[in-house]
Peer 1: 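Let me begin by handing over the structure; questions about it come next.
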Amino acid sequence: PVTISAHSTATPGIPASPTTLKFARIECRPEVEPQVFTCFPVTIRSSAFFCAGIPEELGKWLIFYWLIRKAKDFDQYYDGILYAIFISMGFALVENIMYVMGPGGGMGTATMRAILSVPGHMLFVIPMGYFLSISKFEEGKEAKRHQILSLVIPMALHGTFDFILF
C-alpha cells in the first residue's frame with residue numbers, strides 16, 4: 001500500500017525544478033545570457049528536447065531513482081506510478097511559479113500552463129513510474145532495460161509535446 005505521504009513524495013520534486021531550469025536557461029537560451037557558451041547548437045525545434053524534455057525528465061528521474069526507489073514503503077508495482085506523479089507535481093509547482101512570476105508571465109501564462117503543462121508533467125512520468133516499478137522487482141538485463149525505458153520514454157514524450165508547441 002501507499003503509505004508515503006503526498007507531501008513527502010512531492011517535496012523531492014521541488015529542488016529538481018530550479019536546477020533543471022537553470023540548466024535550460026544558461027545552456028539553451030543564449031538570447032537571455034549571450035555571453036554564455038552553449039555546448040551544442042540550439043534551434044527552436046531541438047530546444048524542445050535538449051532544453052526541456054531531456055533535462056527536466058532526467059531531474060525527475062534522478063530524484064525518483066535516488067530517493068523514492070529505496071523507500072521501504074515502495075513495495076507494490078502501482079506505488080511507482082503514484083510516487084512519480086507526486087514528484088512531477090512538485091516539479092511543476094516550482095516551474096510554473098518561476099514562469100508565471102518571471103518576465104513575460106502573468107494570467108495568460110498561468111492559464112496556459114495550468115491547462116497544458118501541469119497535466120503534461122503528470123502524464124510524462126507515468127511510464128517512468130511504471131518501468132521503474134517493474135525494474136525494482138527484477139534483476140539483471142531486464143531490470144536495466146526497464147530502467148532505461150523509464151528515462152527514455154518520458155524524455156521522448158516531453159520533447160515531442162514541446163516540439164509540437166514550439
Side-chain angles (χ1 to χ4, degrees), residues 1-25 27-28 45-100 110-166:
V2 177
T3 56
I4 297 177
S5 72
H7 176 268
S8 65
T9 309
T11 303
I14 292 173
S17 188
T19 305
T20 302
L21 292 175
K22 182 170 176 49
F23 168 82
R25 188 172 141 260
E27 292 295 324
C28 302
R45 298 293 185 187
S46 67
S47 69
F49 289 91
F50 293 111
C51 302
I54 293 172
E56 289 182 20
E57 297 310 317
L58 178 62
K60 291 182 255 184
W61 189 89
L62 290 171
I63 294 294
F64 189 110
Y65 190 80
W66 284 336
L67 296 177
I68 305 303
R69 191 166 191 272
K70 297 174 181 157
K72 66 178 176 68
D73 294 320
F74 184 4
D75 58 359
Q76 294 184 22
Y77 290 105
Y78 193 71
D79 291 349
I81 294 171
L82 294 176
Y83 298 152
I85 289 171
F86 282 114
I87 289 169
S88 74
M89 292 298 95
F91 181 93
L93 170 73
V94 175
E95 182 185 52
N96 289 336
I97 290 170
M98 293 172 75
Y99 275 109
V100 171
T111 303
M112 290 308 294
R113 293 194 66 80
I115 294 169
L116 298 172
S117 297
V118 173
H121 279 289
M122 180 192 71
L123 293 173
F124 304 146
V125 299
I126 290 173
M128 179 187 298
Y130 173 75
F131 285 113
L132 279 174
S133 289
I134 291 173
S135 74
K136 179 178 173 67
F137 302 106
E138 293 178 327
E139 294 179 5
K141 289 182 181 179
E142 281 301 303
K144 189 55 82 181
R145 185 174 80 83
H146 286 127
Q147 288 171 0
I148 292 167
L149 287 172
S150 75
L151 184 58
V152 171
I153 291 174
M155 287 177 174
L157 291 172
H158 193 151
T160 303
F161 174 79
D162 285 351
F163 182 85
I164 292 167
L165 290 180
F166 291 143

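In this chain, residues are counted from 1 in sequence order.
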Peer 1: Between Lys72 and Asp75, what is the shortest heavy-atom contact and its length?
Peer 2: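 Lys72 and Asp75 have their closest heavy atoms at O-CB, 4.3 Å.
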Peer 1: Side-chain contact, heavy-atom cut-off 4.5 Å: His121 with Glu56?
Peer 2: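 With C-beta onward as the side chain, the pair touches.
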Peer 1: What's the spacing between Asp162 CG and Leu116 CG if we round to 0.5 Å?
Peer 2: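 Those atoms lie 10.0 Å apart.
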Peer 1: Check Arg113 with Glu95, please: is the shortest side-chain N to carboxylate O separation under 4.0 Å?
Peer 2: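 Judged by the 4.0 Å cut-off on N to carboxylate O distance, Glu95 and Arg113 do form a salt bridge.
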Peer 1: Over all heavy atoms of both residues, which pair between Ile81 and Ser133 is shortest? Give the atoms and the distance, please.
Peer 2: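 Between these two residues, the closest heavy atoms are N-OG, 4.1 Å.
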Peer 1: Taking all non-hydrogen atoms of both residues into account, name the closest pair between Pro55 and Phe50 and its distance.
Peer 2: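 Shortest heavy-atom contact: CD-O, 3.4 Å.
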Peer 1: May I ask you to decide if Phe131's main-chain N or O and Ser150's side chain share a donor-acceptor pair within less than 3.5 Å?
Peer 2: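 No: the side chain of Ser150 does not pair with the backbone of Phe131.
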Peer 1: Roughly how far, to the nearest 0.5 Å, is the CH2 atom of Trp66 from the CH2 atom of Trp61?
Peer 2: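 If we round to the nearest 0.5 Å, Trp61:CH2 and Trp66:CH2 are 8.5 Å apart.
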Peer 1: Quick check: do Phe49 and Thr160 have side-chain heavy atoms less than 4.5 Å from each other?
Peer 2: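 Of all side-chain heavy-atom pairs linking Thr160 with Phe49, at least one is under 4.5 Å.
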Peer 1: Name the orientation class of the two ring planes belonging to Phe74 and Phe64 (parallel below 30°, tilted from 30 to 60°, perpendicular beyond 60°).
Peer 2: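 Judged by the thresholds at 30° and 60°, the geometry between Phe74 and Phe64 is perpendicular.
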Peer 1: Just say parallel, tilted or perpendicular for the rings of His158 and Phe161, cut-offs at 30° and 60°.
Peer 2: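 Plane angle over 60°, so perpendicular.
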Peer 1: What's the separation between atom CE in Met122 and atom CZ in Phe86, rounded to the nearest 0.5 Å?
Peer 2: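 So the gap between those two atoms works out to 11.0 Å.
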Peer 1: With a 4.5 Å limit on heavy-atom distance, are the side chains of Asp79 and Asp73 in contact?
Peer 2: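 Not touching, per the 4.5 Å side-chain cut-off.
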Peer 1: Apply the test side-chain contact (heavy atoms from CB on, under 4.5 Å) to residues Val118 and Asn96: give CA-CA distance (whole Å), side-chain angles for both, the deciding distance (0.1 Å), then the verdict.
Peer 2: CA-CA 8 Å; Val118 173; Asn96 289 336; 3.1 Å; yes
Peer 1: Indicate the atoms forming the closest heavy-atom contact of Pro119 with Ala114, along with that distance.
Peer 2: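 Smallest interatomic distance, heavy atoms only, reads CD-O, 3.4 Å.
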Peer 1: Keeping the roles fixed (side chain from Lys60, backbone from Ala84), state whether a donor-acceptor pair exists under 3.5 Å.
Peer 2: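 Absent.
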Peer 1: Rounded to the nearest 0.5 Å, what's the gap from OG on Ser135 to CZ on Arg145? Could you check?
Peer 2: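 Between atom OG of Ser135 and atom CZ of Arg145 there are 11.0 Å.
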Peer 1: What distance separates Ile87 CD1 from Leu82 CG, expressed to the nearest 0.5 Å?
Peer 2: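 Here the rounded value is 11.0 Å.
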Peer 1: For the residue pair Gln147 and Leu132, establish whether any side-chain heavy-atom pair is separated by less than 4.5 Å.
Peer 2: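 They are in contact (side-chain heavy atoms under 4.5 Å apart), so the answer is yes.
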Peer 1: Could you tell me if the side chain of Val152 sits less than 4.5 Å from the side chain of Glu57, heavy atoms only?
Peer 2: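 No. Closest side-chain heavy atoms not under 4.5 Å.
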Peer 1: How many angstroms lie between CE in Met128 and OH in Tyr65, if you round to the nearest 0.5 Å?
Peer 2: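 With rounding to 0.5 Å, CE (Met128) is 13.5 Å from OH (Tyr65).
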